[in-house]
Amino acid sequence: MKPFISFENLSFKYSEEEPRWVLENINLTIDDGSFVAVLGHNGSGKSTLAKHLNAILLPTEGKVYVDGIDTCDEEKLFDLRQRVGMVFQNPDNQIVATVVEEDVAFAPENLGVPPAEIRERVDWALEAVSMTEYREAASYHLSGGQKQRIAIAGVLAMKPKCIVLDEPTAMLDPQGRKEVMKTIRELNKNEGITIVMITHYMNEAIMADRVVVMDEGHVILDGDPYEVFSHVDELKSVGLDVPQPTELMYLLKGAGVDIEKTVLTDEECAEVLYNLLEGQR
Amino acid sequence: MLKDITLGQFFPGTSPIHRLDPRVKLLLALIFIVVLFVINNLVAYIIMGVLLAVVVKISQIPLGLVLKGLKPIFVVVIITAILNIFYNTTGEVLWEWGFLRVTTNGIMLGIFMAIRIVYLIIGVAIILTYTTSPILLTDAVENVFSPFKRFGFPAHEIAMMMTIAIRFIPTLVEETEKIINAQKARGADFETGSILKRAKALVPILVPLFVSAFKRADELAIAMECRCYQGGENRTRMRVLQTSRIDYVAIVITVLVCAALVSMNFMEFGWRA
Ligand SMILES: Nc1ncnc2c1ncn2[C@@H]1O[C@H](COP(=O)(O)OP(=O)(O)OP(=O)(O)O)[C@@H](O)[C@H]1O
Ligand SMILES: [Mg+2]
């Protein structure tokens, strides 16, 4: 089967004169229905990579294919954008109309969907992000987490196969962050939507079924979270943290304690510690 | 201070006024404005005021909101009234001092202008915008002006600009407040000193505000592109504008009432300017 997204020798720079590539020779494929987290320190090229997925940026060299569409194919630009929804950091700067349901209707209106079907899509999208009761609210009365869910509903209404989120929780409080992550996971599990999520939060990255780590325009690590977070030294050398339980295990290992498994969550960590202590008795 | 800006905001509801076709509302607002300036009979103005109050009642807009909406223009009303009092110097002279002269006609005109502004705000800024969702209002504008697209009139673009402006007013107001507070916390003083000094104190507010507004514009443009925005061509709308019986009823009532009010101009009673 052909992968849903594939980057083939993608290299990119913002202008000809720049001496260095912002993205250099990226080869990456992403399967349909997967949940991929992208990590990397500031300026490593994550947002630049994401913008290649719906032709906001076009490759300087190489190719990007999404669902069989070459992103350089201008004829299919709107087919592409409709398949790949994009959500950004600041929900305030993505919402176009004042009233919630009218904003959610913006994309299908642009696509020329008939009115009755727009209504259906809007109701469905609001339901999917659990915001139905706020249909008629003005967005400026909503919390950050709610606004971001409206922004997600706004791209959902295009019925995309994939949603790309660029640090969707960066401006939110812990509560809002939880709401948004829950929404994203549900969309992935229940609707089978492919998720590509850029994040700086390690506890969000471990929810993904694949983690891609970028540094200086290259992909340096790629695998399931357990595999990627077992490279603690490598992650630290590019200025990234690991989840706290992983860090604790790493420190214990460094102190000579015999631990084989990589752990990511608090529960796993507790279990390993429990077994260790049991073994000592 | 900035919190007082309630103009241009929408209050959802299900009243008959809310349910009118926004194009009809625009048309009725236009008729209302014309009539408002044609009338020159105090009795007619009083009747109009009562009718406006009835419409406010039907539309279920809380009275407090109406007053809140009027507050910011209070000073403008007073100044306009005073200027008009001195502007018209015909009629019986009541008071004279140097070149200033107050006459019966002048006072009448001052009162009329004050009434006109207040009614204008209530009728258009409050009843129209409070009861019509911004999208419907801009749809109506686009729809009404779309015949002129043929001559290159950018009806869709204007409507989209209005939508975005209305959407961003509360966001930018909030942001301005944040910046003002941040500058105050650093000891900035906006309230004392000469006009020049106060104007200079505004620079540290305006610069960050504009920088942020440009950044927002940039991000919004990309977000709109991501949502397949491609201008007005082939665009459909979730809500199709439709006139129904209630619209015809409203048109008939408005036209009859306005005709009656205007005809009072030609009658021999009431006070007039
Ligand atoms: N519009 C632009 N024009 C020129 N250079 C840019 C532009 N946008 C980003 N860059 C540069 O490209 C590089 C990668 O930026 P990018 O925004 O992709 O990083 P990022 O990984 O998303 O970082 P962050 O975590 O801060 O969001 C940076 O060096 C940045 O300075
Ligand atoms: Mg970024």
Side-chain angles (χ1 to χ4, degrees), chain A residues 50-51 53-57 77-123 135-141 147 151 154-155 157-158 160 164 166, chain B residues 5-6 8-14 18 129-130 132-139 142 156 159-175 212-242:
Chain A
K51 284 181 182 150
L53 286 172
N54 70 348
I56 294 295
L57 296 174
L77 182 64
F78 292 102
D79 282 346
L80 175 69
R81 294 218 168 130
Q82 183 251 307
R83 278 179 174 73
V84 183
M86 203 54 99
V87 175
F88 299 96
Q89 198 180 81
N90 189 345
D92 267 332
N93 297 350
Q94 305 171 64
I95 294 173
V96 182
T98 304
V99 175
V100 166
E101 62 177 10
E102 286 166 354
D103 182 72
V104 176
F106 181 71
E109 287 178 339
N110 291 334
L111 291 166
V113 175
E117 199 192 326
I118 298 180
R119 185 76 256 176
E120 268 168 39
R121 286 187 184 203
V122 168
D123 291 345
R135 293 175 27 217
E136 296 197 329
S139 60
Y140 54 82
H141 290 315
K147 283 186 209 169
V155 299
M158 299 191 289
V164 181
D166 192 345
Chain B
I5 301 177
T6 48
Q9 292 189 17
F10 165 57
F11 295 91
T14 51
H18 282 84
T129 63
Y130 280 19
T132 318
S133 107
I135 283 274
L136 285 185
L137 206 55
T138 52
D139 275 4
E142 178 170 355
H156 168 74
M160 185 52 78
M161 274 160 52
M162 287 171 57
T163 302
I164 293 172
I166 295 170
R167 148 71 184 82
F168 275 88
I169 287 170
T171 309
L172 292 177
V173 166
E174 199 182 318
E175 178 149 38
S212 135
F214 281 119
K215 184 162 171 266
R216 285 181 193 280
D218 200 38
E219 286 183 16
L220 183 70
I222 292 185
M224 285 171 72
E225 259 186 84
C226 288
R227 287 162 81 184
C228 300
Y229 182 64
Q230 42 194 315
E233 298 275 298
N234 304 324
R235 204 160 183 267
T236 49
R237 309 313 316 270
M238 176 167 71
R239 291 207 235 178
V240 183
L241 301 181
Q242 247 171 353

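All chains are named by letter (A, B, ...) in the order of the sequence lines, taking the proteins before the strands, and each is independently numbered beginning at 1.
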Do B:E225 and A:R81 have side-chain heavy atoms sitting under 4.5 Å apart? yes
Mind checking whether B:R216 and B:F168 have side chains closer than 4.5 Å, heavy atoms only? yes
Between B:Q230, B:R227, B:E219, which shows the greatest number of heavy-atom pairs under 4.5 Å with chain A? B:R227
How far does CD of A:E102 sit from OG of B:S133, to the nearest 0.5 angstrom? 3.5 Å
Need one label for A:V104: side chain, backbone, both or neither, based on atoms under 4.5 Å from any heavy atom in chain B. backbone
Side chain, backbone, both or neither: which part of A:L80 has an atom under 4.5 Å from a heavy atom of chain B? neither
Write down the atom of A:F88, the atom of B:A223, and the distance for their closest heavy-atom approach. CE1-CA, 4.2 Å
Any side-chain heavy atom of A:I56 sitting closer than 4.5 Å to one from B:C226? yes
Is chain B contacted by the side chain of A:F78, its backbone, both, or neither, given a heavy-atom distance below 4.5 Å? both
Which one, A:T98, A:V113, A:N93, leads in non-hydrogen pairs under 4.5 Å with chain B? A:N93
Check whether A:F106 gets within reach of chain B through its side chain, its backbone, both or neither, counting any heavy atom under 4.5 Å. both
Are the side chains of B:R239 and B:D139 in contact, using a 4.5 Å heavy-atom criterion? no
Selection from A:E101, A:E117, A:E136, A:R121 maximising heavy-atom pairs under 4.5 Å formed with chain B: A:E101
Based on non-hydrogen pairs under 4.5 Å, which of A:A151, A:A107, A:P108, A:P114 is most in contact with chain B? A:A107
Below 4.5 Å from any heavy atom of chain B, which atoms of A:V96 appear? Answer side chain, backbone, both or neither. both
Can you tell me which portion of A:P160 sits under 4.5 Å from chain B's heavy atoms? Options are side chain, backbone, both or neither. neither
Engaged part of A:A97 at the chain B interface, taking heavy atoms whose separation is under 4.5 Å: both
Given a strict heavy-atom distance threshold of 4.5 Å, which part of A:D92 is in contact with chain B: side chain, backbone, both, or neither? both
Please classify the contact between A:V122 and chain B as side chain, backbone, both or neither, with a heavy-atom cut-off of under 4.5 Å. side chain
Pairwise side-chain contact, B:L220 with B:I164, heavy-atom cut-off 4.5 Å (strictly under): yes
Okay, B:T163 and chain A: the region with an atom under 4.5 Å from a heavy atom over there is both
Quick one: do B:R235 and A:N110 satisfy side-chain contact (heavy atoms from CB on, under 4.5 Å)? Show the steps, please. CA-CA 5 Å; B:R235 204 160 183 267; A:N110 291 334; 2.5 Å; yes
Ionic contact status for A:K147 with A:D103, cut-off 4.0 Å: no
